[in-house]
Amino acid sequence: MSSAGLRLVAVDGPAAAGKGTLARRLAAALNLPYLDTGLLYRATGRRVLDAGGEPADPDTAVAAARALLPADLDRPDLRGPDADRAASAVAAIPAVRAALLDWQRDFGRRHGAVMDGRDIGTVIFPDAPAKLFVTASPEARARRRWAELAARGVVRNLAEVQAEMAARDAQDASRSAAPMKPAGDAVLLDTTALDIEAAFATALAIVQARLGR
Ligand code: CDP
């Protein structure tokens, strides 16, 4: 089924590029529902870890993806190094992605949406009218993630945070199932030198132009 005509905004990009903050603000400004699709992979990985399983094992991970409940997305333990690694591991399994595909499409098709992730513009809604691929330098992204963690009381070594992020981005970009990459018609937005206000203003102008309003 085509999603042409729907107000769909795809916000893809690597870890800690600022996608979540931007996508949430775009959704509020455009009066659209917002979905953080990373939570689906994080919650799947967390279910596997809870059961003492191995996130890279396809059977275990697919069963966890199929068993997801809405409340799983509200769990407080979906962020941090273990959850990051488990999410990226389950996300590389094609059957896990397949199990989560219809739910994401149904979400977007109901009322339109702003969705952030890795494959929204390439796989979930390839005909979305507005697509952003948000990036920032590895150093800037690591500093942002480090600061986010610190604000939650989690004190980490900056170099370790950057190394973990680089490993996860490499895995996300090199997997064969829906690898992280910009869609051909995505607008690249590098937020390295932009604060949140400037990034938001730039993103909103791009999206409004694409949505035709
Ligand atoms: O917040 P951050 O950018 O660090 O990560 P996230 O967006 O919550 O995504 C966590 C992990 O889920 C990523 O490293 C990907 O492996 C996976 N993911 C994906 O494969 N496809 C998506 N649409 C969203 C996330």
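Ligands are counted one by one from 1 in listed order, and the atoms in each one are counted from 1 as well. Remember, it's a predicted structure, so these values are computed and weren't measured experimentally.
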Asks: Distance from Lys19 atom NZ to Arg24 atom CZ, nearest 0.5 Å?
Replies: 11.0 Å

Asks: Which atoms form the tightest heavy-atom contact between His111 and Pro33, and what is the distance?
Replies: CB-CG, 4.1 Å

Asks: My understanding is that only residues two or more places apart in sequence, or in another chain, count here; which of them pass salt bridge (charged side-chain N to carboxylate O under 4.0 Å, His left out) with Asp169?
Replies: Arg141

Asks: Nearest heavy-atom pair of Ala10 and Ile120: which atoms, and what distance?
Replies: CB-CG2, 3.5 Å

Asks: Please tabulate, for the side chains in residues 191-207, all donor-acceptor contacts under 3.5 angstrom to protein atoms that are two or more places apart in sequence or on a different chain.
Replies:
unit_1: Thr191; atom_1: OG1; unit_2: Ala17; atom_2: O; d: 3.1
unit_1: Thr191; atom_1: OG1; unit_2: Thr135; atom_2: O; d: 3.3
unit_1: Thr191; atom_1: OG1; unit_2: Arg144; atom_2: NH1; d: 2.9
unit_1: Thr191; atom_1: OG1; unit_2: Arg144; atom_2: NH2; d: 3.4
unit_1: Thr192; atom_1: OG1; unit_2: Ser137; atom_2: N; d: 2.9
unit_1: Thr192; atom_1: OG1; unit_2: Asp190; atom_2: OD1; d: 2.6
unit_1: Asp195; atom_1: OD1; unit_2: Glu197; atom_2: N; d: 3.3
unit_1: Asp195; atom_1: OD1; unit_2: Ala198; atom_2: N; d: 2.8
unit_1: Glu197; atom_1: OE1; unit_2: Arg25; atom_2: NH2; d: 3.4
unit_1: Glu197; atom_1: OE2; unit_2: Arg25; atom_2: NH1; d: 2.9
unit_1: Thr202; atom_1: OG1; unit_2: Ala198; atom_2: O; d: 2.8

Asks: Test: side chain to side chain donor-acceptor pair (under 3.5 Å). Region: residues 156-165. Which pairs qualify, not counting sequence neighbours?
Replies: Arg156-Glu160, Arg156-Glu164

Asks: Exactly which residues line ligand 1, taking a heavy atom under 4.0 Å from it as the test?
Replies: Ala15, Ala16, Lys19, Thr37, Gly38, Tyr41, Arg42, Arg79, Ala87, Ser88, Ala91, Arg97, Gly117, Arg118, Asp119, Arg145, Arg168, Asp172, Arg175

